[in-house]
Amino acid sequence: METFFAQLANGASTGALYGLLALALVFIFRATDVVNFAQGEMAMFSTYLGWSISRPLSLSWIPFLGVDRHLNLLTWRPEVFGLPLYLGSENDGLTRLGYLVVLVVTVAIAFVMGALIERLLIRPSEGKNLLNAVIVTLGIFAFLNSLANFRYGPVPQTYPAPFRGDAVDFGLFKMSQHSLFALVVAAVLMIAVYVFFQRTKLGLGVRAAALNPSASQLMGINTGRMLTLGWALAAAIGCVAGMLIAPALSGISPNLMFGILLYGFAAAVLGGLDSALGAVVGGIAVGVGQSMVVQYVGSQWSDIIAFGLIIAILMVRPTGLFGAPAVKKV
Amino acid sequence: MHQTAHYRDGVERFVPSPSEAVLLAALVLFCWKLYGGTENDAVAGLSSVVVVVVAWVVGVSLRAALNDMRWWLLLGFLVALIVPWLGANTFQVGVMSQVCVFALLIFGLNVVTGYTGQISLGHGALVGISAYIIAILSSNYGWNVFAAMTVGISVTTAFGFVLGIPALRLAGPYLAIATLAAALIFPPLLKLDTFEDYTGGIQGLHETRLSPPGPIESFLKEHAPSDAYQNDFQRRKFAEESYLYYISLAAGVVGLVTLWNLGRSRFGRAFVAVRDSEVAATSMGINVPLYKVTAFGISALYAGFAGAAFFLVIAFVAPESFDLVNLSINPLAYLVIGGLATTGGPVVGAFGYMWVPRVINKIATVSGDFDKLQGAMTGLLLIVVMTRLPQGVWGGVRRVNALSWQRLAGDSWAWAFQRSPLFWAGLALAAVVVVLIAQFIGTVWAVFALALLIVAPHDVWSGAGDVLRRLNPGWKRNASIQADVT
Amino acid sequence: MSRDRKPWYRTPWMAALFLAAFALPVLAVACGDDDDNTTTPTKAATTSAATTATGSATGSASASASATTDAKAQIDTIKGDTTGVTDKEVKIGSYVAKTGPASIYDDIEKGWNIYFDEVNKKGGIAGRQIKFIVDDDGYNPVNTVNVVKKLVEQDQVFTLFNGLGTPGGNAVLPYLKDAKVPSLFIASGDAKWGDQGSTIIGLQPDYVTEGTTLGKYMAQNYKGKKYGILFQNDDFGKEGRDGLKKGVGGALTLVDEETYEANAPDINAQATKLINAGAEVLGVFATPTQFAGALKYVKAQGKSVVWFSSAVTASSSTAKLAEGAMDGVFSAGYLPDPSDPDPIVQKVVQFFKDHGVANPNSFHLYSYMAAEHLERLLTVVGKNLNRESLIYALDNVAFQGDWKSTLLRQPSIVTKSDHKVIEYEWIQKWDEKAGKFQYPIGDIINSETTKR
Amino acid sequence: MAPMLEVRSVRAAYGPVVALREISIRVPERSIVTLLGANGAGKSTTLRVISGLMRPAAGAVIFDGLPIGGRPADWVVRQRIAHVPEGRQIFATLTVEENLRLGAYTRDDRAGIQDDMTRVFAYFPRLKERRRQVAGTLSGGEQQMLAMGRALMTRPRLLLLDEPSLGLAPLIVKDIFRIIQAVNEEDGVTILLVEQDARVALSVASYGYVLETGRVAVHATAAELKANETVRRSYLGY
């Protein structure tokens, strides 16, 4: 029984990572109808940007600031009148405020990156064959992967995580703080995405723009802006995913997402490409399924059964577990 | 985006947009950075300008010359026949054989994705099944290779029908991922302990390559070009590679002709009807499920032939050979680049599939700095082709085909003269700024920025034009062309 | 026509977007430049490390000259295939993975390029400049076939050197034998490279030897305990597993063996299964990221288990990724780690630092060792370089036990009947506090004693 | 008095196919004006040019003294011009209520939106019954009502209606035209109506334009058009 729960917890932790990336895939599919093969690499690249801003920052090139030493955002301990402005510090000097700053800046960069990618690369192929946009995302995939390899080198680098203390003991199983954090973030993002699409006017506009651009324009929706927003937000979600995946998988490397992306796709499709809930549930289902196959069937069968099951489930439910049934277009 | 102007005669004409001008500038800059040594900067920069200008002129002339496609087909076939004597070495002949192999695979993808509109990412597994069955039968059981091929291709076709079953229920991305899952299951299956005795597990299976029958061998050896093939080993290789090349070529040509016929047959029209609207197709009396599964079956037939040819040419199968990117995703990408639902597109795609990585590798290894940027260059190429030529290379060729040389040349000149001196000054200034930025931010970011510039949509540049127009109200935008638009 | 609509690029939010786009590269350039791994050539002056390295190699060669005078004299008389060789230059080809999942090994190629640049600057070997033609195969055997055919048929290289990986090596094996092109010091630990004749040889100790070494140590020190094996589902993992089982014999009870695919994000489920099944000792044949992940995971679960890992994961960079969880882990090894304070090792590390490598890693040390082997061989052959004299020198002169690579413990030995170059492994243990490996623990094990 | 909407010598083309050669139309405030003509005469294209779905190649469109020709559709909507396009173009996978909320996308006044929603439901009680239903499952008539209701949610001053009667049963057509008239009279919305069924159109309109191959062939008051020999023969069928 202990083994079962240990595998359950372990599968859920890995699955949360799949779910996070799947969430970004679902977001972009819902907002733009594009299956984005570059999602993983966009996440990887923005995570690398986060890595580079979390390194000691040389400020000596700003003469008037009078700073001629390195500033490390992660260990930055600002104080006002002796009162610490930072949240608790951790073993290797990381402060959570520093982490938060890095996170916010990185997500902002990813947001801009996503917007620019849509404007400059995806826009020209819009309104054509849907495969065109998919091939463009494949191009972005190759481009970003190679650029990261060129800029940062192929060797993995350690990545900061906000919670890295002892594992939390639930009695039946133990889970590392980081895994719990990832699960919580996945759940929060899932709810946020759901609320965005179902409860906000902007989300409704984004959905409408993806469904029928010209009718949306007649409703006063700037469809181009909606598509840009869709890519930007998906990139931001992907960036959060990347920043949680990197420390969970012992560091960041240009090939960080090779494995995750495929399982992320599987998770998104399993849950239904248009369902935020489906993405996270699908991710956890894939993760737990793999763990269970390893435990009770045999590890050689892990991929075979995982992907075989996905085909089988799709045959029964063609739009995934939580996806809306397809409307046949005449 | 191209600025395409519609003239009164209804012909769509190609007018280079400002972003294309920037593309040229970017190319010059890129070549300059690429070849840039300390002493030869000026020479290298100048020569790259010359190269770009020559390429531009050649391109304009080619458009005109490509007017009649039949001549090109005939010429192409004749050239294909003498490829072994054109190549400088056996390696190049071998690559041309593989062009035929992967053309077969891409033909198959074209049937299922191009004509019928069902995205399949599982074709790598089909090629693998075919190649593996042939390998197992011929090396483990000592079958005759051609007998093994018959079995391999038949079984693969059957598997194709099975792979088509999800297409009955699934659509779009769901089908893509389901077929992708099928491709992902294949390599771990090969490695299972249960099958290891047959499949050779991770070590894979070798096969001695097919050598030409005696008379053919001696003929080929005798007629090998003597300057390239001096010793006996090289001549033997020449005979072997040429023999395999002709077999692959024959398969490829048969594939091409059948694809061409298929495209115009009742089947082909039914496939297209299914792709365009299933409801409409049903109402026309087309049995949609039957045709969908048949499309997968036919496509698997091609993939089976590709697997057989793959086995002959590579003579080695291992689980790692059938990875997702190389045999499932890349062929699809190059199919779209070549041109979906056309006959010529897959041929262009197959050439691209084999030669683009080699050419890019050549460019990348000119300077040690760039060897890791091969992927970036490939990615950039995909993006540029897809955004500039949405119908693929073949679609682009078709489109410019109708235009005459004089008009095109005239347009280009007219375009150049319509720009004000201010425009050219601005362009020069922009080039200088880009160079300065490149110096300041370093190569990676320069490449990144250039990539963005190259694929930037037209209105980014016309936006810059708008700003200039504000400053210079007398300057009319494309005055004469606008007036022509009806 | 009125064109007074306000386009998107002139809206404030788009302006902000573009501003940010320009700020982004500047920001990224400003940060994180201090210690990345890019190898920008600094054109530093020639270093003492290279001088000593080449010096010692030639020195030991001349010292042993008397023992092999006959054989040495023989080399100059052999006639043979001189493809790729001129008086001024020798072309050497290699297939490596600059892209794809195995691109992590790219530093190896970078390393021997640096080494031979230095050799070339000093006049090359026997008056010939060493010219490398290196092609990327992305670790896909189909590509390897194409790349090797290109190197042999188009570039006409003299020999292949240090080609990466088993699948690729397998794919081109019959072709290279048929074409009679040597493929020297293949960068793969598959046991098969020991019995492919003289023209095709591996370099590092094979994975079976590695497994056996680990297994023997386990048998001596953990007798009667339960153990499990966790391995990558490829040649590396499977041979390691076979060796480990052989080394253990019946001394420990095998609980279970688990495998994983190379693209798996983590191997925690497998580790959990083995440990919960009662394994007290774990033998792991995995790649660094997955191994480090498993170490962290098991530590966080509060389980204690004795780890034994392959030399592939035995490096200070893996320890860094494991964030402290690698303390006390045993591994096999035959090459020191850059963290080793040994002055000889530090000299080599300094050599790479002087040539623009900010953080030399274990791949750089490996490349240095591989390059020394090639240099030794070419030096021994001398003026009369052709494929036959090369193979003759390889079998009879160059590695007769009188020459040792700077970084290795034992001389490399190659004879007509023995084509395994490095044949020993030691057991080492990572000491987190000291930040280095303790080694050798116990005896250095020779594969002569572990031959299949 | 200057008309509310003026279309001045507009030309437009789909690629090489010329759709509008020379169109000039004036729509006075609070009136119902109809565009008549055969298929391909350029009626829908005229509406598309006005609402910004299509850019004119030449000419001008003036709304309340403001040039709107060539502006993007989402901007034109904000000037309170609503367009019920050909084929209704409702969002099939969204619910009826979400469709209506999208109609009010440009507005921020919660109370006003709620008011208008009530008003739309008053016009079309059927929609109220089905407010939680997915729009794709509605019948043709209900979809037309939804499309009109959605347009009314923008609180338009000018409503462009493209073939509201297409494919509907006569009873429902009658119902819809009753509502069109009500919208015009009670809410003071100016209406530009494109219709194939000239008899119905002229029964509500005060002025009409007859288009032929991208040109205005005849324009006159509804009464005059009804009396016109050619118009009667070609479009009214008696």
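To find a chain, count down the sequence lines: A is the first, B the second, and so on, and within it residues start at 1. Quick caveat: nothing in here was measured; it's all calculated off a predicted structure.
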Note to self: Can you classify the ring geometry of C/Tyr105 versus C/Phe363 as parallel (below 30°), tilted (30 to 60°) or perpendicular (above 60°)?
What the structure shows: perpendicular

Pick whichever of [options] has the most heavy-atom pairs under 4.5 Å with chain B.
options                      : answer
C/Asp106, C/Val134, C/Val152 : C/Asp106
C/Asp235, C/Asn263, C/Val145 : C/Asp235
C/Thr259, C/Asn233, C/Thr144 : C/Asn233

What part of [X] is in contact with chain B, defined as an atom under 4.5 angstrom from a non-hydrogen atom: side chain, backbone, both or neither?
X        : answer
C/Ala179 : both
C/Lys180 : neither
C/Asn113 : neither
C/Glu261 : side chain
C/Asp178 : both

Margin query: Quick check: C/Phe132 with C/Phe116 (ring centres under 6.0 Å apart)?
Written below: yes

Note to self: Taking C/Arg241 first and then C/Glu257, would you say they form a salt bridge - that is, a charged N and a carboxylate O separated by under 4.0 Å?
What the structure shows: yes

Margin query: Any carboxylate oxygen within less than 4.0 angstrom of a Lys/Arg side-chain nitrogen, looking at C/Arg387 and C/Asp81?
Written below: yes

Margin query: Show every salt bridge (charged side-chain N to carboxylate O under 4.0 Å, His left out) that has at least one partner inside residues 139-152 of chain C, sequence neighbours left out.
Written below: B/Glu241-C/Lys149, C/Asp135-C/Lys150, C/Lys150-C/Asp155

Check: By a 4.5 Å heavy-atom criterion (distance strictly below it), what part of B/Gln374 contacts chain C: side chain, backbone, both, or neither?
Finding: side chain

Item checked: Interchain contact, B/Phe322 with chain C, by part (heavy-atom threshold 4.5 Å) -> neither

Check: Taking the side chain as C-beta and beyond, is there a heavy-atom pair between B/Glu196 and C/Lys238 under 4.5 Å?
Finding: yes

Next item on the list: Can you see which heavy atom on B/Ser130 is nearest to which on B/Ala308, and at what distance?
Entry: OG-N, 3.6 Å

Check: Quick one: of B/Arg358, B/Gln98, B/Met354, B/Gln203, who has the most non-hydrogen atom pairs under 4.5 Å with chain C?
Finding: B/Gln203

Counting only pairs under 3.5 Å, give me each side-chain donor-acceptor contact of residues 312-319 of chain B, with atom names and distances, residues two or more places apart or in other chains.
none

